Asks: 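For reference, the structure I am asking about is given below.
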Amino acid sequence: MTSASTAHSASADQPQPDAGSATTGSTDRTDSGVPAMVRRRLATVETRLDSRSWLATAVVVAIAAILRFANLSHPPGKIFDEIYYARDAWALVDKGVEWNYKDGGPSYVVHPPLGKWLIGLGEWAFGYSDAEHGISVPGQLFTTAPEFGWRFSAALIGTLSVLLLIRIGRRLFGSTVLGCAAGLLLAVDGYHLVLSRTALLDIFLLFFVLAAFGALVLDRDATRRRWARALEAGLDPTLRGRAGRPPGGWRNWPWWRLATGVLLGCAFAVKWSALFFVPVFALLMLLWDVGARRSAGVPRPWRATMLDGFPWMVLAGVLMAVTYVVSWSGWLLSNEGYYRLAERYPQAGLSDTPIIGPLWNLVQYHQAALGFHSQLDDPHKYQSWPWQWLLLGRPVAFHWVQPQGGCGAAAGCAEEILLLGTPLLWWSFLPALVALVWLGLARRDWRAGAILLTVAAGLLPWFWFALDGRTMFFFYAAPAVPFLVLAVVYVLGAIASPAGMSGTLPVDGADAEASRDRRMIGTVIAGAYVALVVICFAYFYPIFVGLNIPYAEWSARMWLGNRWI
């Protein structure tokens with residue numbers, strides 16, 4: 001298990017003396033002839049199987065799974081927007097397109113189908129019931145309460161997102177402790193928990209964006225390992241053309257980069273807001289490619305990146321687009337979908353020409369949906385603005401009833417599911433981002449920049465839409481949440497690290513003793529913070545899962561008064 005103090009060691013992408021001169025002038029060489037400085041710059045986290053690391057990961061993931069699956073069928077019936085997505089999901093399984101069972105025709109929907117397909121898989125496996133429309137279908141694998149069926153996929157994806165964040169955090173920080181801390185903080189975040197226990201689309205969007213980022217980090221590491229192996233094999237990076245590049249062949253293709261494109265396509269196929277992350281991920285690809293070539297000693301790294309790396313970026317973009325179109329296969333292969341056939345919508349300018357016609361009609365459908373989104377300005381009780389989100393200014397009530405008894409209180413009972421982040425964690429996000437900017441600049445650390453850019457992609461575009469008065473909700477912030485947690489963990493790692501140490505130089509005598517003291521104090525502070533977040537989560541847990549509690553206890557948890565009611 002890697003210690004937390006190494007999580008903020010000198011970054012391989014920090015400005016260093018020119019790598020080309022180091023290649024020719026450094027005497028600190030390894031047995032392979034590659035300068036040690038170059039090897040450090042191209043170093044990545046050890047990828048061998050670490051049983052202790054995976055054991056710690058399994059414990060945190062098990063905690064997340066228990067929290068998400070326990071009593072998942074409660075509350076009964078469809079809550080909040082489940083009334084739309086659970087029905088559309090079953091229609092996709094049943095007919096291949098979203099369907100209005102009341103009117104007997106296709107539904108007009110404004111979100112892509114992948115998230116609903118995933119919800120539908122749970123309904124197919126565990127059963128679906130809709131008394132209003134006379135639908136009651138047993139599960140193909142198990143028959144359970146219908147609520148479990150339409151919430152199952154969200155709970156599974158929410159649990160897997162915790163697993164992803166642990167492994168991404170470990171790879172970013174080089175520390176199993178910090179990786180598991182990130183996963184635990186996400187597991188006990190009430191916002192993430194509520195989305196993981198509800199059949200909405202946002203948890204799927206969060207998952208695919210996070211998975212795409214993880215694939216991008218793996219692509220960065222694979223690129224650097226490829227350069228390191230090539231240099232050890234005797235490659236001279238100063239040569240022109242193919243002679244100065246690592247060997248090609250399909251085995252050396254940037255498979256993780258292509259996977260990033262596919263996963264971004266999946267995110268886009270859940271909600272269009274995934275597009276906000278595309279330019280950021282493309283920029284990270286570009287900067288990390290340039291950094292790897294500079295570290296390897298390539299004389300003109302920008303030019304080499306545009307010649308060698310940019311075509312792969314374009315291919316990743318093509319795969320993203322193809323993945324998105326494939327997610328509409330149910331609509332494309334059916335004649336029942338909304339806007340699918342020109343003969344049914346003569347005023348829409350559609351076409352029934354083979355192959356080209358369906359694609360053209362899909363474009364027209366998208367234009368209509370985009371028009372709907374651009375005019376979405378109707379007031380709503382639970383709407384909020386982006387500048388309120390990190391402050392928990394207006395959470396969303398997914399479920400609220402006042403049961404008659406059952407909580408042991410004569411003064412009345414309350415049962416609520418409130419989309420609210422764990423307050424202590426969420427109120428740490430803004431200070432952590434400020435600290436991250438400072439630490440990133442001071443340490444010139446690529447990890448700080450990557451986290452800040454992804455947070456910006458998840459939040460800043462909504463400030464632009466707020467200028468038009470668009471109706472927005474707290475759950476729009478979902479894709480940014482894992483990266484906000486990473487920001488907090490980065491700062492915790494800095495607190496737990498000895499001040500002024502890079503993790504690469506030995507320290508002796510009094511300095512070593514002082515460093516150990518600072519490390520111990522920092523570790524205690526970081527551990528105490530995580531413990532307090534867990535305690536805060538436990539206090540608010542009843543209003544995350546809809547437990548029946550005395551009204552007075554519910555009221556005591558409304559810390560911001562009417563803003564949370």
Side-chain angles (χ1 to χ4, degrees), residues 63-83 86 129-132 144-152 154-155 158 184-185 187-200 203 379-384 388-389 391-428 473-475 530-565:
I63 293 171
I66 292 170
L67 291 171
R68 279 147 185 80
F69 281 97
N71 200 21
L72 185 60
S73 299
H74 179 79
K78 298 181 177 72
I79 62 173
F80 197 59
D81 282 352
E82 285 185 340
I83 193 172
S129 178
D130 187 341
E132 181 181 351
T144 63
E147 294 84 0
F148 186 88
W150 63 65
R151 294 170 189 160
F152 170 80
L184 181 60
L185 290 176
V188 298
D189 173 33
Y191 180 94
H192 187 273
L193 178 67
V194 172
L195 291 180
S196 298
R197 293 173 57 91
T198 314
L200 270 66
I203 194 66
H380 192 282
K381 180 180 180 180
Y382 290 108
Q383 71 181 66
S384 58
Q388 296 177 292
W389 293 345
L391 300 175
L392 301 179
R394 189 54 174 155
V396 182
F398 280 15
H399 169 73
W400 164 260
V401 294
Q402 289 186 270
Q404 299 299 316
C407 66
C413 308
E415 180 179 301
E416 182 176 31
I417 294 179
L418 186 66
L419 183 65
L420 175 74
T422 301
L424 182 56
L425 175 62
W426 276 71
W427 289 336
S428 302
F473 299 91
F474 186 29
F475 46 80
V530 174
L532 288 174
V533 170
V534 172
I535 294 171
C536 184
F537 167 80
Y539 177 72
F540 282 92
Y541 179 78
I543 64 172
F544 294 149
V545 298
L547 296 184
N548 186 10
I549 59 177
Y551 186 89
E553 292 188 15
W554 168 85
S555 181
R557 289 166 171 80
M558 299 297 105
W559 284 1
L560 296 189
N562 289 334
R563 290 183 176 273
W564 285 10
I565 296 176

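Just so you know, these numbers come straight off a predicted model, no measurement behind them.
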Asks: If the condition is salt bridge (charged side-chain N to carboxylate O under 4.0 Å, His left out), which residues does Arg151 pass it with, not counting sequence neighbours?
Replies: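 Per chain and number, Arg151 pairs via salt bridge (charged side-chain N to carboxylate O under 4.0 Å, His left out) with Glu82.
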Asks: Compute the ring centroids of Phe474 and Tyr191, then answer whether they are less than 6.0 Å apart.
Replies: yes
Asks: For a quick test of reading the model, state the closest non-hydrogen atom pair linking Trp559 to Pro423 and the distance between them.
Replies: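 Where Trp559 meets Pro423 most closely, the heavy atoms are CZ3-CB, 4.0 Å.
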Asks: Yes or no on side chain to side chain contact (heavy atoms under 4.5 Å, CB included) for Val530 and Leu184, after CA distance, side-chain angles and deciding distance?
Replies: CA-CA 8 Å; Val530 174; Leu184 181 60; 3.9 Å; yes
Asks: Between Trp564 and Leu392 (side chain of the first, backbone of the second, donor and acceptor by atom type, cut-off under 3.5 Å), is there such a pair?
Replies: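 Flag set: sc Trp564 to bb Leu392 pair under 3.5 Å.
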Asks: Who pairs with Glu132 by side chain to side chain contact (heavy atoms under 4.5 Å, CB included), at least two apart in sequence or on another chain?
Replies: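 Partners of Glu132 under the side chain to side chain contact (heavy atoms under 4.5 Å, CB included) test: Arg87, Asp130.
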Asks: Given 3.5 Å as the limit, does a donor-acceptor pair link the side chain of Asp189 with the main chain of Thr422, or not?
Replies: yes
Asks: Contact between Ile417 and Val194 at the side-chain level, heavy atoms closer than 4.5 Å - yes or no?
Replies: yes
Asks: Who are the side chain to side chain contact (heavy atoms under 4.5 Å, CB included) partners of Tyr382, not counting sequence neighbours?
Replies: His380, Arg394, Val396, Ala397
Asks: Please find the pair of heavy atoms, one from Val188 and one from Val533, that lie closest to each other, and give the distance.
Replies: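 Heavy atoms only, the tightest pair is CG2-CG1, 4.0 Å.
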Asks: Excluding sequence neighbours, so at least two apart, what forms side chain to side chain contact (heavy atoms under 4.5 Å, CB included) with Cys413?
Replies: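 For Cys413 the side chain to side chain contact (heavy atoms under 4.5 Å, CB included) partners, ignoring immediate neighbours, are Pro403, Cys407, Asn548.
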Asks: Please assess Gln383 against Gln388 for the test side chain to side chain contact (heavy atoms under 4.5 Å, CB included), listing each intermediate value before the final yes or no.
Replies: CA-CA 10 Å; Gln383 71 181 66; Gln388 296 177 292; over 6 Å; no
Asks: Could you tell me if the side chain of Leu424 sits less than 4.5 Å from the side chain of Phe537, heavy atoms only?
Replies: no
Asks: Over 60° means perpendicular and under 30° means parallel, so tell me whether Trp554 and Tyr551 are parallel, tilted or perpendicular.
Replies: tilted
Asks: Within a strict 4.5 Å, meaning less than it, do heavy atoms of the Leu418 and Phe544 side chains meet?
Replies: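 No - every pair of side-chain heavy atoms lies 4.5 Å or more apart.
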Asks: At what distance, to the nearest 0.5 angstrom, does CG of Leu532 lie from OG of Ser428?
Replies: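 One finds 9.5 Å between CG of Leu532 and OG of Ser428.
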Asks: Check whether any side-chain heavy atom of Ser129 sits under 4.5 Å from a side-chain heavy atom of Glu147, and report yes or no.
Replies: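 No - every pair of side-chain heavy atoms lies 4.5 Å or more apart.
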Asks: What pairs of donor and acceptor atoms, side-chain ones from residues 64-80 against any protein atom, are under 3.5 angstrom apart with sequence neighbours left out?
Replies:
residue : atom : partner : partner atom : Å
Arg68   : NE   : Ser196  : OG           : 3.4
Arg68   : NH1  : Ala64   : O            : 3.2
Arg68   : NH1  : Ala187  : O            : 3.2
Arg68   : NH2  : Leu186  : O            : 3.4
Arg68   : NH2  : Ala187  : O            : 3.1
Arg68   : NH2  : His192  : ND1          : 2.8
His74   : NE2  : Glu415  : OE2          : 3.4
His74   : NE2  : Gly546  : O            : 2.8

Asks: Quick one, Tyr541 with Leu547, criterion side chain to side chain contact (heavy atoms under 4.5 Å, CB included). Give me CA distance, side-chain angles, the key distance, then yes/no.
Replies: CA-CA 8 Å; Tyr541 179 78; Leu547 296 184; 4.1 Å; yes
Asks: Could you tell me which residues satisfy side chain to side chain contact (heavy atoms under 4.5 Å, CB included) with Ala556, sequence neighbours excluded, listed by chain and number?
Replies: Tyr539
Asks: Within the 4.5 Å heavy-atom criterion, are His399 and Thr198 side-chain neighbours or not?
Replies: no
Asks: Starting from the C-alpha separation in whole Å, work towards a yes-or-no answer on side chain to side chain contact (heavy atoms under 4.5 Å, CB included) for Leu419 and Phe475.
Replies: CA-CA 8 Å; Leu419 183 65; Phe475 46 80; 3.6 Å; yes
Asks: Got a second to check how far Leu560's CG is from Leu391's CG, nearest 0.5 Å?
Replies: 9.0 Å
Asks: Measure the spacing between CZ of Phe398 and CG of Asp81 and express it to the nearest 0.5 Å.
Replies: 7.5 Å
